[in-house]
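As structure tokens, the structure follows; a few thoughts come after it.
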Amino acid sequence: MAEPTRSEARPLPPAFVPAEVDAPLYERWVERGYFEADEKSDRPPFCIVIPPPNVTGSLHVGHAFEHALIDALVRRRRMQGYEALWLPGMDHAGIATQNVVERELAKQGLSRHDLGREAFVKKVWEWKAESGGQILGQMRRLGDGVAWSRERFTMDDGLSRAVQEIFKRLYDDGLVYRAERIINWCVRCHTALSDIEVEHTDDEGELVSIRYGDPATSEVVVATTRAETMLGDTAVAVHPDDDRYAHLVGTEVELPLTGRRIPVVADPHVDPTFGTGMVKVTPAHDPNDFEIGQRHGLPSLLVLDEQGRVTAHGPFQGLDRFEARPAVVAALREEGRLVAERRPYVHSVGHCSRCGTVVEPRLSLQWWVRVGPLAKAAGDAVRGGRVVIHPAEIEGRWFSWVDNMHDWCVSRQLWWGHRIPVWYGPDGEVVCVGPDDDVPTGPGWHQDPDVLDTWFSSALWPFSTLGWPDDTPALAKFYPNQVLVTGYDILFFWVARMMMFGLYARADQPPADAVPFRTVALHGMVRDEHGKKMSKSFGNAVDPIEWLDRFGADAVRFTLARGANPGTDVPVGADWVQAARNFCNKLWNATRFALLNGAHVGSLPPAADLSAPDRWILSRLNATAAAVDAFYEDFQFAKLSEALFHFVWDEFCDWYVELAKTPLAAGGAAAERTRLVLGHVLDTVLRLLHPLIPFVTEKLWTTLTGEESVVIANWPRADDSLVDAAAETAVDEIQRLVTEVRRFRSDQGLKPRQRVTARLIGPAGGSADTHEIEIRSLTWLDEPAEGFAPTASLQVGSVLVEIDVSGSIDLDAERRRTEKDLAAARNELAQAAAKLDNEQFLAKAPDAVVTRIRERRTSAEAEIARLEARLAALGG
RNA sequence: GGGCGCAUAGCUCAGCGGGAGAGCACCCGCCUUACAAGCGGGGGGUCACUGGUUCGAUCCCAGUUGCGCCCACCA
């Protein structure tokens with residue numbers, strides 16, 4: 001047997017101080033290459049690509065949350081023997097980053113146009129270097145076990161090549177095309193936006209009804225919330241079956257303020273029951289009107305420029321759309337009661353998701369991805385079970401989205417991003433250039449000035465980061481990724497597009513291997529301690545660094561994991577992080593205690609040589625390990641964290657460690673046996689906890705075992721043979737006895753450590769008999785001396801405890817307690833008895849339930865008898 | 001306008017057909033040589049409302065009220 005000398009050799013400080021522990025450990029992990037993955041390995045692959053953070057700024061708590069989950073998954077798989085890869089990187093975040101840099105420039109009174117495209121883009125790269133470095137630093141502090149050698153950026157050469165390649169393929173397949181349509185135009189960002197980049201809110205506006213045609217005889221009344229767009233009307237539409245207006249169809253009416261005459265057309269899109277049943281048609285500034293225009297060959301008249309200013313017609317020219325709106329209404333009124341009605345109107349208004357500006361629908365020539373076949377494949381992959389979405393309830397949303405997707409506008413009028421690889425020739429030639437093609441040169445040739453939607457490159461992330469379009473070993477090994485962990489908020493922005501492009505790019509593979517990932521695990525959003533959305537403007541956003549400084553990375557990670565119920569939002573507050581920090585410290589001190597007492601890791605003695613508490617804690621340990629494994633398979637981070645928390649604190653620390661003090665003090669074989677069990681339990685539970693709280697566990701585990709690192713230790717396997725029902729029952733008895741005595745003492749006003757004498761009388765070999773020393777120690781009861789005269793007695797299970805409460809017993813307190821317990825027991829009995837009197841219950845309830853109720857009745861009866869006796873003894 | 005989800009202890013949330021749970025907060029007592037970032041004990045809930053199904057409902061169904069989210073081109 002090894003001598004317990006380690007503890008003296010490697011003492012632990014009395015408290016866990018993350019600031020002193022974390023950083024050196026992380027550096028060592030990286031130096032030793034633990035997080036690197038070998039694509040040539042025979043081990044099964046486990047790859048998760050990071051949802052690339054925007055280089056825009058620093059990580060927020062949501063990132064910390066996501067990283068905590070991913071890191072836990074990857075670390076566990078690594079311990080299980082997988083070739084585990086967490087691939088890091090960042091996203092250039094086109095519009096977001098450009099905005100940030102433009103804002104910086106604005107502080108100096110400059111616009112990007114002052115710099116020019118080339119200089120501006122250079123500026124953004126500088127920003128990227130600075131901001132990106134900050135993000136990487138935060139990831140190190142969090143303990144993210146990423147393969148740094150594989151770090152990628154969506155704008156680096158390889159990924160840009162992938163973007164160009166896929167664009168070229170899509171172009172050649174007719175899946176990307178250029179067309180003039182209504183797009184969402186942000187007048188502040190000066191770019192087109194895709195539909196999902198627009199956020200709708202119910203805004204207060206005004207619905208204005210306007211008379212068109214001859215004021216005297218006018219029967220044409222149309223309504224609008226955007227009066228200024230009337231300047232661009234090119235028709236009025238009615239429903240084809242609307243008899244009220246059938247006579248007008250084919251005629252022309254005068255458009256006020258413009259001197260133009262516009263036709264009345266019949267179109268099925270018009271809802272005859274809404275308003276007057278007549279609609280103004282502005283093909284250049286409304287998607288529906290554009291459709292109507294197409295159907296009737298109407299001209300499209302742009303009346304707002306890219307700044308949202310009126311381009312047409314004298315008095316309004318140059319006015320912002322929001323100035324033009326009332327101005328037009330006023331002019332109509334002056335013109336002679338052309339405004340039939342004005343009323344407040346709450347309606348859905350689209351805003352730029354980046355800057356909040358009201359989006360202007362606007363006719364524009366843009367590049368589009370034809371989404372039909374791609375989206376169908378994305379839907380089928382989930383339908384066919386090739387990709388599994390967690391939690392499953394989200395699938396409904398998934399299908400309704402992919403099955404109804406509109407074509408995706410992918411061109412952006414920005415400078416920061418992947419430039420569209422299309423050249424236009426002097427004679428109207430259009431050439432799409434692949435990564436290995438020659439760029440057309442010569443007079444008149446120029447490249448499309450626009451860049452691609454930032455999500456276009458993100459969509460390639462699962463394979464572009466692994467070397468695609470080249471046929472690399474990494475791609476072969478790690479594609480499809482095993483899991484994708486991300487927030488439900490970007491299911492459509494990102495997950496759907498990765499599915500579409502992954503399936504398209506890898507269409508040469510068998511269907512099951514073309515998918516970008518096998519499982520999508522969606523998490524919720526981090527919220528504040530009251531469940532409110534975190535936002536800077538609301539002032540409740542937390543900088544994770546603050547918590548990292550105060551409580552350490554493990555505490556932050558554990559808090560977040562512990563709150564992570566599948567797919568639901570996670571509320572967190574500083575108090576909770578503190579509680580997690582306390583847990584880490586508890587673990588620290590339990591290990592410290594064990595080491596101070598010579599705990600070490602060795603082969604466990606056979607069960608027959610172990611005490612009931614030993615067998616109990618091993619039983620609980622293995623049950624916990626099994627539960628943790630099951631929870632991991634289901635991404636139940638809250639449950640598995642809770643299981644480990646409960647095991648460590650409530651079972652191991654509160655009971656096993658306390659019970660262990662007796663054999664440790666006894667010395668000899670009992671002490672050595674206990675040291676081995678302590679060592680074994682800690683060894684195992686530290687490994688189980690490592691994926692969640694990597695730093696403390698590394699420090700404690702290496703100190704305990706003397707081994708190199710828990711990062712590369714084996715994941716514990718639950719051993720069913722160590723689950724021991726008899727031991728659990730035995731310890732359960734001890735716990736009940738101890739708790740009852742403590743309760744009695746507390747009721748009697750005895751100080752916790754105040755020694756009183758007592759005699760324990762139980763059946764030979766029962767828990768009181770075999771563990772009397774432990775029980776006395778935990779209840780501060782001394783052996784009775786000569787002439788022992790108990791002043792009180794209490795029966796707990798099969799054990800009678802006679803106590804000499806030094807001094808007089810507080811009869812009132814004791815009576816109150818007993819009466820209360822008695823009432824509870826009687827209530828219990830009544831409930832059980834009522835059920836057992838019910839014939840239908842007996843006939844229909846499952847046997848197990850009936851048995852349980854019978855047992856409950858029996859124990860309630862015994863309890864009542866006991867309590868009544870006690871009450872009688874108390875003179876009640 | 002559609003679709004989805006949620007209402008359980010003061011707060012944040014688990015549980016989800018047969019004994020109401022956790023963390024934090026609260027009250028009482030303890031500086032017990034692992035830990036005061038701790039230890040022991042304790043109080044606190046007609047499980048939103050109304051009906052239904054069932055021997056039995058916090059749990060299933062319907063409706064009501066309140067809250068949240070997603071989608072949508074209704075002037």
Side-chain angles (χ1 to χ4, degrees), chain A residues 12 14-16 182 195-196 200 207 209 222-226 229 237 269-271 274-276 278-282 286-291 345 347-348 350 361 393-394 396-397 400-401 404 406 488-489 491-492 527-531 533 551 555 559 562-563 565 567-573 575-576 578-597 638-639 642 645-646 653-654 657-658 661 738-739 742-747 749-754 778-780 828 831-832 834-835 838-846 848-850 852-853 856 860:
Chain A
L12 287 169
F16 169 46
I182 299 284
D195 290 345
I196 49 174
H200 290 87
L207 188 66
S209 299
V222 296
T224 180
T225 53
R226 296 188 293 152
T229 61
H269 171 263
V270 180
D271 176 359
F274 186 94
T276 59
M278 309 182 98
V279 172
K280 64 191 274 302
V281 181
T282 322
D286 183 281
N288 291 317
D289 294 3
F290 179 73
E291 300 285 320
Y345 194 68
H347 62 132
S348 179
E393 302 86 73
I394 303 278
R397 260 197 244 173
S400 70
W401 165 262
N404 301 298
H406 297 312
Y488 60 70
D489 57 327
L491 185 63
F492 306 137
R527 291 166 173 271
D528 76 5
E529 63 266 49
H530 298 296
K533 200 179 272 180
F551 306 114
T559 305
R562 206 175 168 201
N565 288 115
T568 64
D569 292 344
V570 186
V572 287
D575 283 354
W576 310 6
Q578 183 173 319
R581 188 274 313 264
N582 294 354
F583 172 68
C584 294
N585 190 239
K586 189 73 177 172
L587 192 63
W588 178 278
N589 272 289
T591 308
R592 182 161 170 266
F593 168 85
L595 290 171
L596 287 170
N597 283 281
K639 300 268 171 55
E642 202 55 43
F645 180 92
H646 177 252
C653 291
D654 284 355
V657 167
E658 294 305 322
K661 287 175 179 174
V738 167
T739 304
R742 283 173 176 171
R743 192 154 80 132
F744 171 80
R745 294 180 51 116
S746 182
D747 287 347
L750 294 171
K751 304 293 183 198
R753 289 181 62 219
Q754 188 178 334
L778 294 178
T779 50
W780 310 280
E828 176 85 8
Q831 281 183 13
K835 288 204 168 180
N838 184 330
E839 281 175 30
Q840 284 181 306
F841 168 73
L842 293 175
K844 297 192 177 179
V849 173
V850 176
R852 204 184 318 148
I853 306 279
R856 207 183 297 162

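What you are looking at is a predicted structure, and each value in this text was computed from that prediction instead of being measured. All values below come from the heavy atoms of this structure, side chains included, with hydrogens, waters and symmetry mates left out. Here is how names work: the chains are called A, B, and so on, in the same order as the sequence lines, proteins then strands, and each is numbered from 1.
With both ends at atom P, the span from B:C6 to B:C59 equals 13 Å, rounded to whole Å. Spacing between B:G2 and B:G63 at atom P, rounded to whole Å, works out to 14 Å. With P as the reference atom, B:G42 and B:U65 are 44 Å apart, rounded to whole Å. Across the C1' atoms, B:U46 and B:A20 are found 13 Å apart, a figure rounded to whole Å. Rounded to a whole angstrom, the distance from the C1' atom of B:A9 to that of B:C4 is 29 Å. Here the separation of B:G5 from B:A75, taken at their P atoms, is 28 Å to the nearest Å. Here the separation of B:C73 from B:G23, taken at their P atoms, is 48 Å to the nearest Å. For B:A57 and B:U50, the P atoms lie 15 Å apart once the distance is rounded to whole Å.
A:Arg581 comes within 4.0 angstrom of a base, heavy atoms only. Counting any heavy atom pair closer than 4.0 Å across all strands shown, A:Glu291 reaches no nucleic acid atom. Within the nucleic acid shown, A:Tyr345 comes within 4.0 Å of sugar-phosphate atoms alone, with no base atom in reach, counting heavy atoms only. At the heavy-atom level, A:Thr224 lies under 4.0 Å from the strands shown only through sugar-phosphate atoms. Looking at heavy-atom distances under 4.0 Å, A:Val281 makes no contact with the nucleic acid at all. Looking at heavy-atom distances under 4.0 Å, A:Asp654 makes contact with sugar-phosphate atoms alone, never a base. Counting any heavy atom pair closer than 4.0 Å across all strands shown, A:Cys653 reaches a base atom.
Both A:Gln578 and A:Trp401 sit near RNA chain B, but only A:Gln578 has its closest nucleotide nearer the 5' end. In terms of position on RNA chain B, the residue among A:Glu658 and A:Ala15 whose nearest nucleotide sits closer to the 5' end is A:Glu658.
The shortest distance between the side-chain N/O atoms of A:Lys661 and the OP1/OP2 oxygens of B:A34 is below 4.0 Å.
Between B:G23, B:A72, B:G41, one nucleotide has an atom nearer to the side chain of A:Ser348 than all others, and that is B:A72. Closest to the A:Asn288 side chain, of the nucleotides B:C73, B:A37, B:C24, is B:C73. Of the candidate nucleotides B:C73, B:C35, B:G38, B:G38 has the atom nearest to the side chain of A:Asn582.
Side-chain atoms of A:Arg527 never come within 3.5 Å of backbone atoms of A:Asp569 as a donor-acceptor pair (strictly under, hydrogens ignored). A:Arg562 contributes no side-chain N or O that, together with a main-chain N or O of A:Lys639, makes up a donor-acceptor pair within less than 3.5 Å.
Ring geometry for A:Phe583 versus A:Phe645: interplanar angle of 30 to 60°, hence tilted.
Between the C1' atom of B:C71 and the NE2 atom of A:His406 lies a distance of 10 Å, rounded to the nearest Å. Rounded to an integer number of Å, the gap from NE2 of A:His200 to P of B:G3 is 19 Å. Atom CD1 of A:Ile182 is separated from atom P of B:A75 by 16 Å (rounded to the nearest Å). The nearest whole Å value for the distance from the NZ atom in A:Lys586 to the P atom in B:C35 is 10 Å. Separating the NZ atom of A:Lys533 from the C1' atom of B:C70 is a distance of 11 Å, rounded to the nearest angstrom. The CZ atom of A:Arg397 sits 8 Å away from the P atom of B:C71 (whole-angstrom rounding). Rounded to a whole Å, the CD1 atom of A:Ile196 is 17 Å from the C1' atom of B:C73. The interatomic distance linking A:Phe583 (CZ) with B:G23 (P) rounds to 12 Å, in whole Å.
In this structure, A:Phe16 CZ and A:Lys586 NZ are separated by 16.0 Å, a value rounded to the nearest 0.5 Å. Taken to the nearest 0.5 Å, the CG atom of A:Leu587 stands 13.5 Å off from the CZ atom of A:Arg592. Annotation: the span from A:Asn589 atom CG to A:Cys653 atom SG amounts to 9.0 Å, rounded to 0.5 Å. To the nearest 0.5 Å, the span separating NE2 on A:His200 from CG on A:Asp195 amounts to 8.0 Å. A distance of 8.0 Å separates OH in A:Tyr345 from OG1 in A:Thr225, rounded to the nearest 0.5 Å. The line from CG of A:Asp289 to CD1 of A:Ile182 is 8.0 Å long, rounded to the nearest 0.5 Å.
Using a 4.0 Å cut-off between a side-chain N of Lys or Arg and a carboxylate O of Asp or Glu, A:Arg226 and A:Asp286 qualify as a salt bridge.
Scanning both residues, A:Lys835 and A:Phe841, for their nearest heavy atoms gives O-CD2, 3.1 Å.
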Where do N or O atoms of nucleotides 27-30 of chain B meet protein N or O atoms at under 3.5 Å, pair by pair?
unit_1	atom_1	unit_2	atom_2	d
B:G29	O3'	A:Lys751	NZ	3.0
B:C30	OP1	A:Lys751	NZ	3.1

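Partner A:Phe274 forms a side-chain contact (heavy atoms from CB on, under 4.5 Å) with one of A:Thr276, A:Asp271, A:Val270 and no other, that one being A:Asp271.
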Derivation of the side chain to side chain contact (heavy atoms under 4.5 Å, CB included) call for A:Trp780 and A:Lys751
CA-CA 10 Å; A:Trp780 310 280; A:Lys751 304 293 183 198; over 6 Å; no
Determine, step by step, whether A:His269 and A:Val279 satisfy the side chain to side chain contact (heavy atoms under 4.5 Å, CB included) criterion, reporting the C-alpha distance in whole Å, the side-chain angles of both residues, the deciding distance to 0.1 Å, and the verdict.
CA-CA 10 Å; A:His269 171 263; A:Val279 172; 6.0 Å; no
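In RNA chain B, consecutive stretches of 3 or more Watson-Crick or G-U wobble pairs with both distances under 3.5 Å are given as paired ranges: B:1-7 with B:65-71, B:10-13 with B:21-24, B:26-30 with B:38-42, B:48-52 with B:60-64.
Remark: the A:Asn838 side chain and the B:C55 base include no donor-acceptor N/O pair separated by less than 3.5 Å.
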How does protein contact run along nucleotides 8-19 of chain B, one letter per nucleotide 5' to 3', with B for base contact, S for sugar-phosphate only, - for none, heavy atoms under 4.0 Å?
---SSSSS--BB
